[in-house]
Amino acid sequence: MSDPVTTATSDNPAVIPVQAGPGVNPQGPTQERAASLWSDARRELIRNPIFLASVSFILIVSSMAILPSMWTSKNPRDCDIKFAKLSPSAEHWFGTNVLGCDYYSHAIYGARPSLSIALIATTGVTLIGVVLGMLAGFFGGWVDTLISRIIDMIYSLPFLLGALVILGVLRQSDLLHSDQWWPPVLVVAIVLIILGWVGVARIMRGSVLSAKNLDYVLAAKSLGASNSRLMFRHILPNAIAPVVVVATISLGGYIGAEATLTFLGAGLQPPAVSWGTMIAGNIDYFNEYKYLVLIPCGLLVPTVLSFILAGDALRDALDPKLR
Amino acid sequence: AGCQTDSTPEAPAAGGTIRVGSSEAAGLLPGFDDSPSIVVLRTIYAGLVENDNNDGKVVNQIAQSITSDDNKTWTVKLKNNYKFHNGEAVNADSFINGWNYVAYGPNAQPNAPFFGSIVGWSDLQSEDPDGEEGPQKAPEPKAKTMSGLKKIDDFSFTVTLAEPFVGWPATVGYSGFFPWAKACLADTKGCNETPIGNGPYKIEGSWRHNVGVTVVRNPDWAGASKGKPDKIEFKIYDKIDTGYADFEAGELDIWDGVPPAKYKEAKGKYGERMFENPSNTFTYVGLPLYNDNFKEVKVRQALSLAIDRQAIIDAVFDGRFSAAQGVISPNFEGYRPGACANCKYDAAKAKALLAEAGGWKGGKIVLWANAGAGHDKWLQAVGDGWKRDLGIDYELKVDLQFPQYLATGDAKKFTGPFRLGWGPDYAFLETYITPLYSTTGSSNSSGYSNPELDKLIKDAAAAKSIADGIKFYQQAEDLVVRDIPVIPMWFGRTANVRSENVKDYVYNKIHGTVYTEITLKDPNAVK
Amino acid sequence: MGRYIVRRLLQFIPTVLGTLFLLHYLTTVGIQLTGNPIRALFGDKRPAPETLAALTSRLHLDDPCLKQKGNPCLGLFRERLVDIGQLDFGTNFRFRPVFDWRGFFDRAHASIITDALPYTIKITIIAFTIEALVGVFIGMRAGMKPGKSLDYSVKISTVMVISVPVFVLGILIQQFITRDFGNFLRGQEWIPEVISRGVFGSAYKQEFPFASLIIPGIVLGMLSLATTARLTRTSVHENMRADYVRTAKAKGLTHKRVIGVHTLRNSLIPVATNLGLSIGGYMTGAIITETIFNVPGVGNQTARAIFQGEPAVLIGITTMLVLVYLVANLLVDLLYAVLDPRIRYE
Amino acid sequence: MSDVSVDMSPSLAGVKMTAPLLEVEELKVEFRTRAGIAKAINGVSFEVNSGETLAILGESGCGKSVTAQAIMGILDTPPGYITGGQIRYRGVDLLKRTDEERRLVRANKIAMIFQDALSALNPVFTVGFQLAELFRKHRGMSRADGKKRAVELLDLVKIPAARQRVSDFPHQFSGGMRQRVMIAMSLALDPELLIADEPTTALDVTVQAQIMSLLAELQRERQMGMILITHDMGVVADVADRINIMYAGRIVEKAPVYDIYAKPSHPYTKALLESIPRVDLKGQQLNVIRGLPPNLTRIPAGCAFNPRCRYVRDACKVDPIPPLYEIKPGISSACHFWKEVRGDD
Amino acid sequence: MTDVVLETRDLVKYFPLTRGILLKKKIGDVKAVDGINIQLARGETLGVVGESGCGKSTLAKLLVGLEKPTSGSIVVRGKDISKLSGEATRKARRNIQLVMQDPYTSLNPRMTVGDIVAEPFQIHPDVAPKGAIRGRVQELIDLVGLNPDHINRYPHQFSGGQRQRIGIARALALKPEIILCDEPVSALDVSIQAQVMNLLDELQRELGLSYIFIAHDLSVVRHIADRVAVMYLGKIVEIGSDIQIYEQPTHPYTQALLSAVPVPDPTLRGHRDQIVLQGDVPSPANPPSGCRFRTRCWKAQEICATQEPLLEIRQKSAHPSACHFAEVRDVIHATQ
Ligand SMILES: Nc1ncnc2c1ncn2[C@@H]1O[C@H](COP(=O)(O)OP(=O)(O)OP(=O)(O)O)[C@@H](O)[C@H]1O
Ligand SMILES: Nc1ncnc2c1ncn2[C@@H]1O[C@H](COP(=O)(O)OP(=O)(O)OP(=O)(O)O)[C@@H](O)[C@H]1O
Ligand SMILES: [Mg+2]
Ligand SMILES: [Mg+2]
């Protein structure tokens, strides 16, 4: 039976010279070993035009947020009521607002608070929500009961009430009146996080519940995998998809929520500008001066869209079945 | 002129239902002081006196006469043919008992302070023995009735004031002085839901909270004008934008108060169907005189002069307000145009004055307003003006909710100029002076104290006649606009719109739209 | 399972107590920080101190602990619990009772909650129906053909809805749909009033108790509708490749059935969570939509109570909402077991 | 409702009952993946007739399931694409028909038993629902009738206490029972052709024997053609009429069942048969085929089996690919050196 | 037995049986594993065969600690592992590994094959130094006959058999003392199956592994097992060396089972003497009294319904058999 008509390749498969195929690094295994869900996803992403477009847009907008002076030489606080509500012109690209401030510089300077609040809040909400939702779903029992009840409690509070009171408390520290730009942003973001993580946590808990008894989780368990490994290597990647969706969606919501809070006087303090406040503060003038609302919307919507599209692309890239 | 359209000789077609936009009242008892309450109360109640729809002059309604020799003890004589909707007669007791009820502290009626000038008022209030912080609860007040109210007979009584006040008869047209039926005093809760008034209209059914109040003509009304529409439907809106939107959708005949941002559009759209008139609400920027930076008069004058009121009104409010020319409403007897020289925009003069005063030393000026009410925009414009013309940078502090904001003001803790407003309590210009600027004024939030002014007020109250009194108050106004303890900004402007179906629109300078006198072109348009 | 439900119901008690305490604490801190809310009733005018004191003490806001920042006022909380235990939820600042169950049956006992609740229930039903049906439907359609034009148009339109603050959205809808388009409809004789004045009215109307809630309901449902649609899309997309979907295809079922029954059912588990959550979320939304469209419901009352700082109203309303929310959540959890029989509750 | 037993199964235009039940010709399927194009099927041809059982054997991953999916028309596209060939059912090329026409062929004419029963059954519907659905959607039966039929089917596949189990969910069944449910599902509509993709892998031998004899019986009764895909040489020996051996997406040998076992004509077949554990080899190493299955993105030139073949010569390592040499009527082999392999001459 | 590495004592697992969706109530127990006593010696392979649903997988899950036993104990080297907790369980698990039955669901769809196989090393970092993991993974992949090229692929890109091998590679990684194979080769074609079995054999010889090998394919079990246990409805009905079970089966169920084994020889088609069992498989929720097999047994008598036959050596059975009428019958060589 075993009269091996040996060819170079048959005996020890490990030494078969690996022919490089498309997408496989000819350098061989060292490089190849790098492949993991994340590195594959990265490779996938940099070839996805929609992802690239979204990310470019996000980068553009981020550069506005980080270095507004690169985009405009005007000071958003140079306002002259005599030049109020001018239509867009060469002097004022986006016209002026009701106080006679250059609206273009507002649009640029408005990026920073909007984006940073949205990003900080989304990150915080996602982190806390994912971790607590995971713990609740994974361990069940009293951990679940405790976390779920806390979720219930926070969830049933009216958002506005919670936000107003928490902001009131945080305001005592006078963070909202700092000379720095970030303390008020942080304060608003913290409020959004405190009240927002529960949604993500519930979604996460639901996904974990259905993922935790799958065979591959059991398999890892029987290998002696620690709970954290089960949760973060096995369950998390397979349960995160709905969270990504909710997180990217709420990112848009947070920009709006900041506007609502500011509108109620609880958020940023004017004359600080954000896109949300630009929309909220000018909605009354919409009939006559449409550009006052359309311009910030025109920045906000594509930004949120970019985040959502990028999130989608990320999620797809993390699903090997789609490859 | 109060009446917008010229009345035709023949009586206008009466009848029909008019639909009026309003908002949820705090209550439908005369003890409530908010305007949605008052709007309804004025149709179902009638007071001792009325303001004439044409010129705002005080005329007797239920009162036969109100007289005094010393401006201190007033004798009120009543007509005897008025009845409450439940058939009770309107007599001296209706007033005396009602006023005592409102004034009695534990009843917690918002209008209680209006009786504060009557002798014996403080006996009806309880005093906390160990201060507010203390653990003990306040005891029962000493008395249940004010000693200053004395019944002479069924249809006359006397009112004794603690201090002489020439304008007192003008104040009793206010809804807080409306009479109370016995049945109403017996069941105030029920009466709040289903009011028992004495006016030309009476409630149909009862108050549908947050939805509406409907009143119908009272056939037993003894007054001169019987009221034009058969029925007035007050529809309750929470936000003026919604109410206005519903007006635009043809659901309302009268809408009082076009939203500021829609004003320009509405003006073009409704043309002569929009009625405009200066209103009596006064907006000002108070200056904290308790703060060293604002002690210098010239600084205050400079700040006031550096505000281009008209530009702000035009830019932010589409020209919706009337820039203040003094501190008294243009609708009031005794108003003088241009009374305030420091209220005109004059950047050069402002700069000069500030220089004279030695410049500004307070660093960034902090502008205060309460949160969520949309005041930040125009305050920014004010600040921008200062920054531009006086080189004073500013910041806004607009994050305090109303109670906290007011408490901060009451505690004199504002660190910079603060926004406040004022509305008249009664149709007498005194209401714009004493509470705001007298040393002990109930709403003197700037901490202004000028003995000269206090004296003028005293003199005015003791004046022989109303006309005499007005002269003193005008002198007081002159002091105020010179010293600028508050920077007068503007008076509001009514912008009331009406549907095509409205024929005669009647406006009373003091109270606003007179719903009971409105006539319709087609009374049957709404079934 | 029965025991599971009983256990969950028992857990309601600590949750409700917890929420009540949280709320009590928030309102207390609110008062401690911002001062006596009664003061604001008088607006810019400063009230006579006596009047203020009288009102304050009648509304039980004169407890000294309300002046000590950070004090949880446990005594007040206990009193409040005792009152609530006796179904006495107190009154608002205008002395209207917050809750009186008899108000559901008898106008003479009308109270804030019994007046407001029916409207909110109606608007919630409308919002929920729209969210569930429309959201799941468009999400499913988008998920079936990912990357196609429908997918993108759903994506873009949901992004619009999501990123524009609700009140802006509501105002725009009011301007363009109920006013401009509505006025056009009202100009047409042949259109029944229930459409032109009811559905497309700018505000809630007594005459059209259901029709005039449709647009507010849509606005209310819109935000979570977007989430539902996106979630459904993702979920369907993920499950499309499942082996049992292949089986369904092999059974010769129509594409519609393969997607609509076999894929969808499995995809609904995360969606169900979201739907359950959105019932709670509606309250935040209702505060805004009800105000914009003048619906005299719970949201409207909550908004008023928040801005006037009326603790009794807030606590009364929230107690009720918490119960609604908890029941909704319990139902969602039970729904899990229906949707996914592999989950078992013991 | 129960007398609505009209055959709602539609007929396909152009069907010739005289034509062979199923002919697959030069079928090519590829998967376009990120790592390149995996040529899973590279020209597979075979036919099945009514009443006949064709067994397809081959290494894991050689493309058996993909072939079956291509016939059913349930290949996931993307990434799988049929790039060539024909699949003729009764003379009609299914690949040229519309989706709707193909849909009606599924389950009605050609049914399939899936390899993995747990994931192939929908976890959220009861077994009864999933069975009754076929009757409801294809035969227009009522729910109650559908359920009745579902119980009958479960009985047919020997599920104990079928009446109660019908409302259980798949996860409540053991692996074997699930597989039987799958079988029941495929037989529900009396298909003309049954594709059984490892139908008994999860079954114990007693049940397997029952199921196989059940299948054989039904096949006899209904003149049903069957494609049996399996690894179990014993089962094949028991039920197959003809055998096709697949390797790397091609058929390398075709022969009647007796011939294969007696005298394999392809080195791969030979090696495969030698790997079967036998009593006499107890305690010894089993024979294995050395080397690795080919990477489908880079199939070697010439005969795909050449790197692992004992009989390999230079000719095997270059194109053209060895054609299917017809050895005798009904027997063919894709080996240049089939004679040597058979030990003929 | 001398070197016992694993022993179970009266191992029992009941699953609660519920009805209804909303208001589930317990209506009984599924007696999946009902009093199993086995011993596994070092270097030994115990085959477990039996009807599907008789509790084989449940037994395996109990042994690796994925299910908690209802009662009874599992003793590994003198320690009752079912009573351990936390870290100790994780340590204990290292020694006893499971190859799962279902290759489709037992691999994380979002991990590459390389990561899946490397995972045991990451969980137990003391097994291989970090730098060596890669090499070990490749070795293992290679060992189970997969192309090391595929290390970066995801499970869904493999055929069922390929996936099963990934599972085996993962279980082998830690070189455990005991490997539980729950039908490890049922999805494999015979040549790969042979490879896997050779591999298991080799590993056993080299490392002295012990196996519990669950399979339906009796010829595979026969090839690999030293001893064989036959299960029926949660109980072992017969246990003995491979020769004893295959050549001299004494329990009727074993006999029926063996007679049904298909033989890869078409010439024998229709000539084998198959014992066809009558009746339905009873439900494990409500097993028959006495002998559980009696409802389908051709030898059943009254005593079978009243008295449960113990698993013991009997007059006509040289090895333990749970039948009152145990008697040798050669079914394998029987032809008609
Ligand atoms: N989605 C896919 N992407 C890439 N390759 C795939 C995909 N699906 C299947 N393949 C490849 O196609 C080939 C054939 O797979 P198929 O499932 O038909 O094998 P099989 O013969 O059924 O094997 P087994 O007997 O193990 O089930 C395999 O090599 C597999 O790797
Ligand atoms: N989680 C569970 N809940 C309820 N019953 C279960 C559960 N798991 C298994 N069972 C039942 O326990 C019995 C034994 O199942 P098990 O999976 O151990 O069988 P098996 O011998 O492995 O069968 P197969 O050979 O088909 O895989 C079966 O009747 C099954 O229905
Ligand atoms: Mg296969
Ligand atoms: Mg099993």
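Below, read A as the first sequence line, B as the second, and so on, with proteins coming before strands; counting in each chain starts at 1. The structure displayed is predicted, hence computed values, not measured ones.
- A/Arg233 has its side chain within reach of E/Asp115: a pair of non-hydrogen atoms, C-beta onward, lies under 4.5 Å apart.
- Using a 4.5 Å heavy-atom threshold, the side chains of E/Pro155 and A/Tyr216 count as separate.
- With contacts defined as side-chain heavy-atom distances shorter than 4.5 Å, the pair A/Leu218/E/Met100 qualifies.
- Contacts between E/Gln97 and chain A at a heavy-atom distance below 4.5 Å involve the side chain alone, from C-beta outward.
- Distance check, rounded to the nearest 0.5 Å: OG of A/Ser222 to CZ of E/Arg170 gives 7.0 Å.
- E/Ile123 approaches A/Ala220 most closely through the heavy-atom pair CD1-O, 4.4 Å.
- Using a 4.5 Å cut-off between heavy atoms, E/Ile141 does not touch chain A at all.
- Taking each heavy atom of A/Asp215 and E/Ser106 in turn, the nearest pair found is CB-CA, 3.7 Å.
- Side-chain atoms of E/Pro109 and A/Asn238, non-hydrogen and from C-beta on, do get closer than 4.5 Å to each other.
- Listed options E/Asn108, E/Thr105, E/Leu66 were ranked by heavy-atom pairs under 4.5 angstrom with chain A; first place goes to E/Asn108.
- Proximity to chain E among residues 117-133 of chain A is not found for any residue, judged by heavy-atom separations below 4.5 angstrom.
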Just do the side-chain contact (heavy atoms from CB on, under 4.5 Å) check on E/Arg110 and A/His234 with the steps written out, would you?
-> CA-CA 8 Å; E/Arg110 283 187 165 79; A/His234 293 277; over 6 Å; no
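- For E/Leu107, the part lying under 4.5 angstrom from a heavy atom of chain A is the backbone only.
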